Q: 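Once you've had a glance at the structure underneath, I'll fire off some questions.
Positions are given from 1 along the sequence. The model shown is predicted, which means the values in this text are computed figures rather than measured ones.
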Amino acid sequence: MYDVTIIGAGIVGTFIARELSKYQLNILLLDKENDVANGTTKANSAICHAGYDAEPNTLKARFNVEGNKMMEDICRELDVPFKRIGSLVVAFSQEEMVTIEELYQRGIANNVPNLKILNKKELVEKEPNISPNAVGALYAPTAGIMGPFELAFALAENAVDNGVELLLNNEVKKIDKLEEGYRIYTNNKEIDTKYVVNCAGVYADEIHNMVAEPQFKIVPRRGQYFLLDRIAGSTVNSVIFQCPVKNSKGVVVLPTVHGNLLVGPDAQDLDDKEDRDTTDDRLEYVRKSAYKTSEKIPFNTVITSFAGLRASPDTKDFIIGEIKGTKGFIDVAGIESPGLSASPAIGKYVAQLLKNIDGSFKENPEFKSTRKRAIHFMELSNEEKNEIIKKDPRYGRIICRCENITEGEIVDAIHRNVGGTTVDGIKRRVRPGMGRCQGGFCQPRVIEILARELGKDFTEIPKDGLNSNIAIRETK
Ligand SMILES: Cc1cc2nc3c(=O)[nH]c(=O)nc-3n(C[C@H](O)[C@H](O)[C@H](O)COP(=O)(O)OP(=O)(O)OC[C@H]3O[C@@H](n4cnc5c(N)ncnc54)[C@H](O)[C@@H]3O)c2cc1C
């Protein structure tokens, strides 16, 4: 019997797994997908919000501000990118300056440090490409940008290194209460566990309903984006919001940690929890809205578009806690934005919650807090490059010419303790296919390497999720 089973290996599940691995426990982290971070965690704005958006005294406000404070150190420990570049909420009229003042006051109430209201001159000094129609802004220096899926992979690797078991391709279908604990039925297995943590993203309401009366409903709220080439990355220096609109923080323009420019999202409530399609009309809305921020956004350098699904709860706040009358079953649901920013604090809180419920958790004296990322060949000095090629000639073969990724890096990403098994899994780990040609040149070679290293036929290598195989048969 496991002590704790965590359903959902997104940023929240991986943070909880890593936090719980600080104790001597039998922990299972399971997911229905074929990789970690294949839900909302793979498609969002990647902002570590400062914390002025959420209503004071909500879980969102509390965990956002706490999580923001923790994020940089954790990213350093796990060797993943994080940049504290600050955010701006820009006003385009005196009327909107009233909203800016409200956000400022809310930020003060939420204990967000160092907020400042900027006049037009100060704003233009920070952002020379801002629209001439801007009149002022709220500046939050503590906001940052991050790599959400890189962080989830790193957390999962570190958790596994510390004894957590990871089980992919297992969709939870049913849960029975036992005399002590729970029996979880997946499409492949029966799993007995003392405690359950439900962090199943857009499906968290359905998991909750397997053991208790319905208490909340999760609506998938889709957001669509453009990703622009690296040559566009310096259009802005910070994360630039407009004043919030109903249902979302509005369209944002920001550089990514890898130097691209990200523009989006819109907000559209759907019924289908799997619908991550992009659509012409919504992308056109994103493009037009972003021009309001800056007419200098070079949309002729778009390299891809994508969509993510917010797990939007009808309760309007995060739902975190033991279900009443269902001992040891913890919901971590409705984790829409700022869920990424809040995730370190949520992880810590949930681990403490379980510790209090059980009363006998013992610390793991062998807990290792650090994890090293793969070698980034192109960041090495010439001497280091020569040295590593001598040891492993695969680092001398470039596979992705846009991002300069070597075969050695791809092989490393496959054989890590939470290795990639899909084309997009490798892309998210070490970036072949993330560049201008979006895998046009390197994708067949990545498939070949995956097939060779995993001992599979090339037709068995999926692009991303289950049943997304690219090649069906050999033609010549
Ligand atoms: C458009 C958009 C923009 C956003 N921007 C930001 C931002 O800039 N900053 C920020 O802080 N937050 C942002 N967010 C929110 C943030 O992305 C989420 O809060 C966070 O990723 C949620 O992580 P999670 O682990 O709860 O969910 P997920 O990543 O969705 O993980 C849930 C996991 O559960 C698994 N699962 C579901 N059902 C089952 C089942 N039956 N059996 C087994 N496994 C199951 C799924 O496969 C999935 O991997 C944004 C969200 C969106 C959509």
Q: One pair to check against side-chain contact (heavy atoms from CB on, under 4.5 Å): Leu261 and Val236. What are the steps and the verdict?
A: CA-CA 8 Å; Leu261 191 74; Val236 298; 3.8 Å; yes
Q: I'd like to check Thr5 versus Val197 (side-chain heavy atoms, cut-off strictly below 4.5 Å). Are they in contact?
A: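 The answer is no, as the side chains (C-beta and beyond) never meet within the 4.5 Å cut-off.
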Q: Within the 3.5 Å criterion, strictly below it, is a donor on Glu336 or Ser312 matched to an acceptor on the partner's side chain?
A: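 Note: Glu336 and Ser312 side chains meet the donor-acceptor criterion.
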Q: Go through it in stages, so that I can follow the logic: the residues are Ile447 and Val423, the test is side-chain contact (heavy atoms from CB on, under 4.5 Å), and I'd like the CA-CA distance, side-chain angles, deciding distance and then a yes or no.
A: CA-CA 6 Å; Ile447 295 176; Val423 172; 3.6 Å; yes
Q: What residue among Phe318, Phe15, Tyr349 forms ring-ring contact (aromatic ring centres under 6.0 Å, His included) with Phe63?
A: Tyr349
Q: Output, in order, the C-alpha distance, side-chain angles, deciding distance and verdict of salt bridge (charged side-chain N to carboxylate O under 4.0 Å, His left out) for Lys288 and Glu295.
A: CA-CA 10 Å; Lys288 279 200 179 132; Glu295 288 120 41; over 6 Å; no
Q: Please evaluate residues Arg431 and Glu403 with respect to the criterion salt bridge (charged side-chain N to carboxylate O under 4.0 Å, His left out), reporting the C-alpha separation (whole Å), side-chain torsions for both, the decisive distance (0.1 Å), and the verdict.
A: CA-CA 7 Å; Arg431 297 184 60 76; Glu403 296 284 310; 3.0 Å; yes
Q: Can you tell me how far apart CD (Gln443) and CD1 (Ile470) are? Round to the nearest 0.5 Å.
A: 4.0 Å
Q: Do you know the tightest heavy-atom contact between Pro344 and Met70?
A: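 Where Pro344 meets Met70 most closely, the heavy atoms are O-CE, 3.5 Å.
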Q: Locate the shortest heavy-atom distance separating Ala50 from Asn68; write the atom from each residue and the value.
A: CA-ND2, 3.7 Å
Q: Return the orientation label for the Phe329 and Tyr182 ring planes: parallel under 30°, perpendicular over 60°, tilted otherwise.
A: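 Plane angle over 60°, so perpendicular.
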Q: Ignoring hydrogens and angles, state whether a donor on the side chain of Asn188 or Thr186 is under 3.5 Å from an acceptor on the partner side chain.
A: no
Q: Any chance you could lay out the side-chain hydrogen bond (donor to acceptor under 3.5 Å, both in side chains) test for Asn162 and Arg371, step after step, and finish with the verdict?
A: CA-CA 11 Å; Asn162 284 307; Arg371 161 268 184 199; over 6 Å; no
Q: Are the aromatic rings of His208 and Tyr203 close, with centres under 6.0 Å apart?
A: no
Q: My understanding is that only one of Ile426, Val430, Val446, Asn404 makes a side-chain contact (heavy atoms from CB on, under 4.5 Å) with Ile399; could you say which?
A: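 Output: one option passes, namely Val446.
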Q: Given the rule in the side-chain contact (heavy atoms from CB on, under 4.5 Å) test, do Asp412 and Ile375 qualify, once you have shown the distances and angles that lead to the verdict?
A: CA-CA 9 Å; Asp412 178 82; Ile375 290 167; over 6 Å; no
Q: Got Arg394 and Thr406 here, is their nearest side-chain heavy-atom distance under 4.5 Å?
A: no
Q: To the nearest 0.5 Å, tell me how far Arg183 CZ sits from Lys189 NZ.
A: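 Atom-to-atom, Arg183:CZ and Lys189:NZ are 13.5 Å apart.
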Q: I'd like to know if the side chain of Gln24 reaches the main chain of Glu363, judged simply by a donor and an acceptor atom lying under 3.5 Å from each other, with no hydrogens or angles considered.
A: yes
Q: Any non-hydrogen side-chain atom of Leu166 less than 4.5 Å from a side-chain atom of Val36?
A: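 Yes, close enough: below the 4.5 Å cut-off.
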Q: Does Arg76 make a cation-pi contact with Phe82 (under 6.0 Å, within 45 degrees of the axis)?
A: no
Q: For residues Asn237 and Pro128, report the shortest heavy-atom separation together with the two atoms involved.
A: ND2-CD, 3.9 Å
Q: Does any part of the side chain of Pro141, heavy atoms only, come nearer than 4.5 Å to the side chain of Arg84, both counted from C-beta?
A: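 They are not in contact (no side-chain heavy atoms under 4.5 Å apart), so the answer is no.
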Q: Are side-chain N/O atoms of His258 and Glu150 paired as donor and acceptor at under 3.5 Å?
A: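 The criterion, which ignores hydrogens and geometry beyond distance, is satisfied for Glu150 and His258.
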Q: Determine the minimum heavy-atom distance between Gly433 and Lys427, stating which atoms define it.
A: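 Scanning both residues, the minimum pair turns out to be O-CE, 3.6 Å.
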Q: Nearest 0.5 Å please: distance from the CD1 atom of Ile11 over to the OG1 atom of Thr41.
A: 5.5 Å
Q: Under 3.5 Å, is there a donor-acceptor pair linking the side chains of Gln224 and Arg282?
A: no
Q: If you measure only the distance, is there a donor-acceptor pair under 3.5 Å linking the side chains of Asn44 and Tyr225?
A: no
Q: Donor-acceptor pairs under 3.5 angstrom involving side-chain atoms of residues 296-304: please list them, not counting sequence neighbours.
A:
| unit_1 | atom_1 | unit_2 | atom_2 | d |
| --- | --- | --- | --- | --- |
| Thr301 | OG1 | Pro298 | O | 2.7 |

Q: Could you tell me if the side chain of Arg310 sits less than 4.5 Å from the side chain of Pro265, heavy atoms only?
A: yes
Q: Please report the C-alpha distance between Thr459 and Asn469 in whole Å, then the side-chain angles of each, then the deciding distance to 0.1 Å, and finally whether the side-chain contact (heavy atoms from CB on, under 4.5 Å) criterion is met.
A: CA-CA 7 Å; Thr459 55; Asn469 298 39; 5.7 Å; no
Q: Return the set of residues passing ring-ring contact (aromatic ring centres under 6.0 Å, His included) with Tyr395 (not counting sequence neighbours), or none when no residue passes.
A: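 Here no residue qualifies.
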Q: Check step by step if salt bridge (charged side-chain N to carboxylate O under 4.0 Å, His left out) holds for Arg428 and Asp464.
A: CA-CA 10 Å; Arg428 286 193 277 273; Asp464 196 3; 2.7 Å; yes
Q: Would you please say whether a donor-acceptor pair under 3.5 Å links the side chains of Asp331 and Asn198?
A: yes
Q: Determine whether Arg287 and Phe226 make a side-chain contact, defined as any pair of heavy atoms from C-beta on separated by less than 4.5 Å.
A: yes
Q: Check for me whether Lys174 meets the cation-pi criterion with Tyr185, that is, NZ or CZ under 6.0 Å from the six-membered ring centre and within 45 degrees of the ring axis.
A: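 Yes, a cation-pi geometry holds between Lys174 and Tyr185.
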Q: A side-chain contact here means heavy atoms from C-beta on lying under 4.5 Å apart; do Ile85 and Pro255 qualify?
A: yes
Q: Do Glu453 and His415 get their side chains close enough for a donor-acceptor pair, meaning under 3.5 Å?
A: yes
Q: If you take all heavy atoms of Gly201 and Ile218, which pair is closest and at what distance?
A: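 So the minimum-distance heavy-atom pair works out to O-CG2, 4.4 Å.
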Q: Do Asp424 and Thr422 have a side chain donor and acceptor closer than 3.5 Å?
A: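 Per modelled atom types, Asp424 and Thr422 side chains form no pair under 3.5 Å.
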Q: Specify the closest pair of heavy atoms between Lys32 and Glu274, including all atoms of both residues, with the distance to one decimal.
A: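 It is NZ-OE2, 3.6 Å.
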Q: Are any non-hydrogen side-chain atoms of Thr370 and Leu78 less than 4.5 angstrom apart?
A: no
Q: Tell me whether the guanidinium CZ or amine NZ of Lys194 lies under 6.0 angstrom from the six-membered ring centre of Tyr2 and within 45° of its axis.
A: no
